[in-house]
Protein chains: 2
Amino acid sequence: MKIGEFASQLGVSTDTLRYYEKHALLTATSRTQSGYRDYSQTDLKQMKFILRAKNVGFSLSEIKELLQIKFHKQQHSCHEVKNLTLQKRDLVAVRIAELTRFHQSLSVLADKCCGGEEPADNCSILTTLEDIDGLTQ
Amino acid sequence: MKIGEFASQLGVSTDTLRYYEKHALLTATSRTQSGYRDYSQTDLKQMKFILRAKNVGFSLSEIKELLQIKFHKQQHSCHEVKNLTLQKRDLVAVRIAELTRFHQSLSVLADKCCGGEEPADNCSILTTLEDIDGLTQ
DNA sequence: ATAAACCTTAGAGCACACACTAAGGTCAAG
DNA sequence: CTTGACCTTAGTGTGTGCTCTAAGGTTTAT
Ligand SMILES: [Zn+2]
Ligand SMILES: [Zn+2]
Ligand SMILES: [Zn+2]
Ligand SMILES: [Zn+2]
């Protein structure tokens, strides 16, 4: 299967596939005589693995680690895989907490402002940002 | 006040201040005869405004918009400021929702794995990523 | 034979927010 | 008068995940 068909089957761009090859996430099994990439069913499975991992929030470099483990399963433990997953989950939780603080602060700010069409001379959002320390504490 | 003292008062680096100047967020009021930046109390207030806006989640380009409004309050309305704030809040909410899905999926994955020290040959995390479509749906 | 559609590479660009470097000028203390 | 801390500029590097470009080669259909 050439790159164009492979890409459209997966719903990604050919650029993305070349990018993944460059970054050692997926290399087409073989090349045609004219040098075109020739993808196999195995490649399809691997690409689906990658896309699923992306869908649950893993970054490409984390996926690279997962692939290494997948290729050499006997040399890695469940412990290791679970740790990667839990670490990722914790990082996500930290980011959620930060964004939740942002959301809260922005709501507080928005609630203070009348939102009218008059000039912003006394806009509470601006004056709050000018005057008050520790908005987030 | 020279850049070093100014920076340490605010808890940022001198690099950051030069970066902000380059990107039109804050330019020191004046320069000394030898070309050193000379920051004023007004600069201090503006920098605090910027840092507070960052603290509630605004990006630097959004802060630039806020500063434009702040400088020309009469030419902008409360409506405009509130809209910026609410749009940002909505974006944050979207991102939180995405991360929450990630968190959920990662929890499901982690719960399936025994986390033991045996080889990962049958690790449920890996097999789930290999075999199952629509993990997130 | 030629046009359209496909493929190749290397490399640049984007958004974000800095951090770091090199090569040099300035200033206060000893 | 020299040392060391500070300052200047312009430019490069970091991490993330692509996207796009330029300049060209290949394949298929008409
Ligand atoms: Zn108002
Ligand atoms: Zn207002
Ligand atoms: Zn296990
Ligand atoms: Zn496992």
Side-chain angles (χ1 to χ4, degrees), chain A residues 1-40 43 47 49-67 87-88 91-92 94-95 98-99 102, chain B residues 1-40 43 47 49-67 87-88 91-92 94-95 98-99 102:
Chain A
M1 201 178 345
K2 279 187 289 185
I3 197 172
E5 192 189 345
F6 190 67
S8 69
Q9 270 199 28
L10 288 159
V12 303
S13 75
T14 55
D15 277 329
T16 297
L17 289 168
R18 295 195 192 94
Y19 178 83
Y20 284 7
E21 180 172 313
K22 197 187 220 167
H23 291 78
L25 286 158
L26 175 66
T27 304
T29 299
S30 58
R31 294 276 183 140
T32 67
Q33 287 201 330
S34 55
Y36 290 9
R37 288 171 181 80
D38 190 13
Y39 290 93
S40 68
D43 296 331
M47 192 62 190
F49 179 96
I50 292 170
L51 293 178
R52 284 185 204 109
K54 258 177 69 75
N55 259 331
V56 301
F58 285 112
S59 71
L60 295 187
S61 68
E62 289 157 348
I63 293 173
K64 218 158 128 181
E65 283 190 73
L66 287 173
L67 286 170
Q87 276 176 28
K88 182 67 190 184
L91 266 183
V92 169
V94 167
R95 182 71 179 135
E98 185 185 15
L99 289 176
F102 286 170
Chain B
M1 199 180 343
K2 277 188 290 185
I3 196 172
E5 191 189 346
F6 191 66
S8 70
Q9 271 199 27
L10 288 159
V12 302
S13 74
T14 56
D15 278 329
T16 298
L17 290 169
R18 293 194 193 95
Y19 178 84
Y20 284 7
E21 180 171 314
K22 196 188 220 168
H23 292 77
L25 286 158
L26 176 66
T27 304
T29 300
S30 58
R31 294 274 183 141
T32 66
Q33 287 201 330
S34 55
Y36 291 7
R37 287 170 182 79
D38 191 13
Y39 290 93
S40 68
D43 296 330
M47 190 63 189
F49 178 96
I50 293 170
L51 293 178
R52 285 185 204 111
K54 258 176 70 74
N55 259 331
V56 301
F58 285 112
S59 70
L60 295 187
S61 68
E62 289 158 346
I63 294 173
K64 218 158 128 182
E65 283 189 71
L66 287 174
L67 286 171
Q87 277 176 27
K88 182 67 189 182
L91 266 182
V92 168
V94 167
R95 182 73 179 134
E98 184 184 16
L99 289 176
F102 287 169

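Proteins come first, then strands; the chains are lettered A, B, ... in the order of their sequence lines, and each starts at number 1.
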Of the non-hydrogen atoms in A:Phe6 and A:Met47, which two are nearest, and what is the gap between them? CZ-CB, 4.2 Å
When B:Lys22 and A:Leu60 are each assigned the nearest nucleotide of DNA chain D, the 5'-most assignment goes to B:Lys22
When rounded to whole Å, the NE2 to P distance for the pair B:His23 and D:dG11 reads 14 Å
Sugar-phosphate, base or nothing in reach of B:Arg37, heavy atoms under 4.0 Å: sugar-phosphate
Could you check how far CG of A:Leu91 sits from P of D:dG15, rounded to whole Å? 16 Å
Check whether any side-chain N or O of B:Arg31 sits under 4.0 Å from OP1 or OP2 of D:dT9, and answer yes or no. yes
So which of B:Asn55, B:Leu66, B:Leu67, B:Val12 actually passes side chain to side chain contact (heavy atoms under 4.5 Å, CB included) with B:Ile50? B:Leu67
OP1 or OP2 of D:dG15 under 4.0 Å from side-chain N/O of A:Ser61: no
Could you state the OH-C1' distance from A:Tyr39 to C:dT8, rounded to the nearest angstrom? 12 Å
All heavy atoms of A:Ser13 vs all of A:Ala7, minimum pair found to be C-CB, 4.0 Å
Nearest-angstrom distance from the residue atom CD of A:Glu65 to P of D:dT16: 11 Å
Whole-Å distance separating the CD atom of A:Glu98 from the P atom of C:dA17: 12 Å
Decide yes or no for A:Thr16 and A:Leu10: does some side-chain heavy atom of the first lie under 4.5 Å from some side-chain heavy atom of the second? no
Euclidean distance, atom NZ of residue B:Lys64 to atom P of C:dC18 [Å, nearest integer]: 14 Å
Value in whole Å for how far the C1' atom of C:dC18 lies from CG of B:Leu10: 16 Å
Think A:Tyr20 has a side-chain N or O under 4.0 angstrom from the OP1 or OP2 of D:dG17? no
Which nucleotide in D:dT8, D:dT19, C:dC7 has an atom nearest any side-chain atom of B:Arg18: D:dT8
Whole angstroms only, please: what is the CD-P distance between A:Glu5 and C:dC6? 11 Å
Apply salt bridge (Lys or Arg N to Asp or Glu O under 4.0 Å) to A:Asp38 and list each qualifying residue two or more places apart in sequence or on a separate chain. none
Can you build the contact string for nucleotides 20-30 of chain D? Use B for base contact, S for sugar-phosphate-only contact, and - for no protein heavy atom under 4.0 Å. B----BBS---
For residues B:Tyr39 and B:Leu26, report the shortest heavy-atom separation together with the two atoms involved. CE2-CD2, 4.3 Å
Would you say B:Thr14 reaches D:dC7's phosphate, i.e. side-chain N/O to OP1/OP2 under 4.0 Å? no
Test salt bridge (Lys or Arg N to Asp or Glu O under 4.0 Å) applied to B:Glu65 - qualifying residues, sequence neighbours left out: none
